Amino acid sequence: MTLRLYNTLSGQTDPVEPADGDTLRMYACGPTVYDYGHIGNFRTFLQVDILRRFLHLEGVKVRHVMNITDVDDKIIRNAAAAGVPIREYTPKFTQAFLDDLDSLQIERPEVLARATEHIAEMVTLVERLAAAGAAYKTEDGSWYFRLAAFPEYGKLSKKDLEGMTDGARVDVDEYEKDSARDFALWKATRPGETSWDTAIGTGRPGWHLECSAMAMEFLGESFDLHAGGEDLMFPHHENEIAQSEAVTHKPLARHWFHVRFLLVDGRKMSKSEGNFYTLRDLLLKGYKASAIRLALISVPYRHQLNFTFEGLVEATAAIDRLRTLVTRLQAATLADGTTELMQAAADKAEAGYMAALENDLNTAEARAPIFDLVRATNTALDQGAVLAGDRERVLAVLAKFDAVFAVIADHDAQPTRAALAWAQEQGMTDKVAPELLAAQGLSDEAIEGLIAERNTARRQRNFKRSDEIRDELAAKGIVIEDSKDGVRWKRK
RNA sequence: GCACCGGUGGCGAAGUGGCUAACGCGCUGGUCUGCAAAACCAGUAUUCGCGGGUUCAAUUCCCGCCCGGUGCUCCA
């Protein structure tokens, strides 16, 4: 069995396999580092993470390249507003992006390519395009791509350029382009603006050029898969194809993977709507990184995802259910051996899970058999019908689930702590949920101490005192569960 | 305006031309518990936006309509 994914280019679901039979080469458009990433950005990066993690689970090696756009109009504007050169402005946001990836358990790509470190390759590409008659320079020193030189333009987004006449909403007034739809490869800069002196003149690269040049530099002229958000399909990816294929005459990527948009409360996220959230905003409201991850990956990539706070609460509860079972299994005292019932339940769950992901990464469908197994295991544990070999088998299936979903293993403390430290540094502790501050002030040792005191009180049947302690901890977001195997506690 | 996607229980969300329409959350009742929590059991859509058509049979295919979203411009 191999993974089958919807391919925007072919318009159908195609098998995804490395062309060289060994390593899948993929390029994913990364962030423009002009601000903190918002959850819409991370939905895309998370879905790409699901893809690469599932490929790994199936034993496929991956060479994943992601660009960091550290020069563009917005960066120049924001840096100017902050009164610093862009090379001093972008590192902070690049680091914030990488930290956010870690918080969400998103695996780092094999290659992170910063645009400003690959100007030479971009210049070479413009020269090759010019030699092929597909690029021209205008009087102000900018370079444009000549769409007329690439008749296949529009094959990815299935746009019919015949129907798109020059003019109307296209910015014809801009410069002396041959055709209004020709797009910028290289932008001439005004004095004082960030620029590079190169063989094709002084200026800076256009955004589309950057991805083409770096993708081919690291992955070759033709590679397996190109990923990005749906909004990038046109014009960004279409332009990448044009810029690359006009000189190589080979398909840039065989497979195009597009992640659909995230909506917030049914609308597009935007600052003016007041429904705009960064990862840090949510962490500071007290939501766990794992819950944010699960909420953003549980809807398959091909569907729009409607993000809500109810969804985060749901994800939190679902993760608790998974984690509680793992804890319960690990703590249980079990006799050796296996049972037919549990082994069959585990086999069925694993098969259903893998089949769902192989089918176009259907994460929603993949969850179902896992939760079926959770219920079956809990039921069997209640009846004392689980043996040690069953435990190993169930934990192995859950590990396979977590190899892709990455929400059971608990890494939630660090992102929350880091977000709090960041909020303090930025002087925005007023944005932090009060329970979060209270819980953070309570060390594990202090909690264990109170639980020990409560246990003593319970043994003496002093339930008034034991309930007092439980209430006190609950007010600080600490939940206590009494079980036959002892007292469990967790931070809510 | 043109194009594309979607409308499934209280919420989120799968899925299929015919099997009891997954799964998660929530809610109600029960078991367990000193009480809770966790866990389990039962209940919670006679029905899949509306109208028509094809078919022995449609939530699933076709047509029309209504509603929501997205793209066509910087954007994950």
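Remember, it's a predicted structure, so these values are computed and weren't measured experimentally.
- Nearest-nucleotide mapping onto RNA chain B: of Arg488(A) and Ser298(A), the residue sitting toward the 5' end is Ser298(A).
- Here, G15(B) and G51(B) have their P atoms 25 Å apart, quoted to the whole Å.
- For the C1' atom pair drawn from C5(B) and G10(B), the interatomic distance equals 26 Å after rounding to whole Å.
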Original post:
Tell me, what's RNA chain B's dot-bracket, Watson-Crick or G-U with both distances under 3.5 Å, | for other-strand, [ ] crossing?
Top reply: (((((((..(((.....[....)))((((((.......))))))....(((((..]....))))))))))))....
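- Residue ring and base: Phe463(A) counts as stacked with G34(B) (centre distance below 5.5 Å, interplanar angle below 30°).
- Note on His303(A): a side-chain N or O is less than 4.0 Å away from OP1 or OP2 of A14(B).
- Comparing C25(B), A14(B), A36(B) by their nearest atom to the side chain of Asp482(A) picks out A36(B).
- Ring to ring, Tyr277(A) and Phe42(A) are not that close: their centroids are 6.0 angstrom or more apart.
- Checked against the 6.0 Å centroid criterion, the rings of His38(A) and Phe307(A) do not qualify as a close aromatic pair.
- Rounded to whole Å, the C1' atom of C48(B) lies 11 Å from the corresponding atom of A58(B).
- Of the N and O atoms on the side chains of Asn239(A) and Tyr153(A), at least one donor lies less than 3.5 Å from an acceptor on the other residue.
- Between Tyr27(A) and Phe218(A), the distance from one ring center to the other does not fall under 6.0 angstrom.
- Under 4.0 angstrom from either OP1 or OP2 of G71(B) there lies no side-chain N or O belonging to Arg260(A).
- Taking only side-chain atoms of Glu365(A), from C-beta outward, the nucleotide of G15(B), C25(B), A76(B) with the closest atom is G15(B).
- Annotation: Phe45(A) is in aromatic contact with Phe97(A) [ring centroid separation under 6.0 Å].
- The P atoms of G43(B) and C62(B) are separated by 36 Å, rounded to the nearest whole Å.
- OP1 or OP2 of G34(B) has not a single side-chain nitrogen or oxygen of Arg459(A) nearer than 4.0 Å.
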What protein N or O atoms touch nucleotides 42-44 of chain B N or O atoms at under 3.5 angstrom, if any, and at what distances?
none

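- Both Arg43(A) and Ala366(A) lie close to RNA chain B; mapped to their nearest nucleotides by heavy-atom distance, the more 5′-ward contact belongs to Ala366(A).
- Across the C1' atoms, G24(B) and G9(B) are found 13 Å apart, a figure rounded to whole Å.
- Applying the 4.0 Å criterion to OP1 and OP2 of G24(B), one finds that Arg321(A) has a side-chain N or O inside that range.
- Comparing A22(B) with U16(B), their C1' atoms are spaced 11 Å from each other, to the whole Å.
- Ring centroids of Tyr36(A) and Phe93(A) are separated by less than 6.0 Å, placing the two rings close together.
- Counting atom types as modelled, Arg458(A) pairs a side-chain N or O with a base atom of G34(B) as donor and acceptor under 3.5 Å.
- OP1 or OP2 of C40(B) sits under 4.0 Å from a side-chain N or O of Asn378(A).
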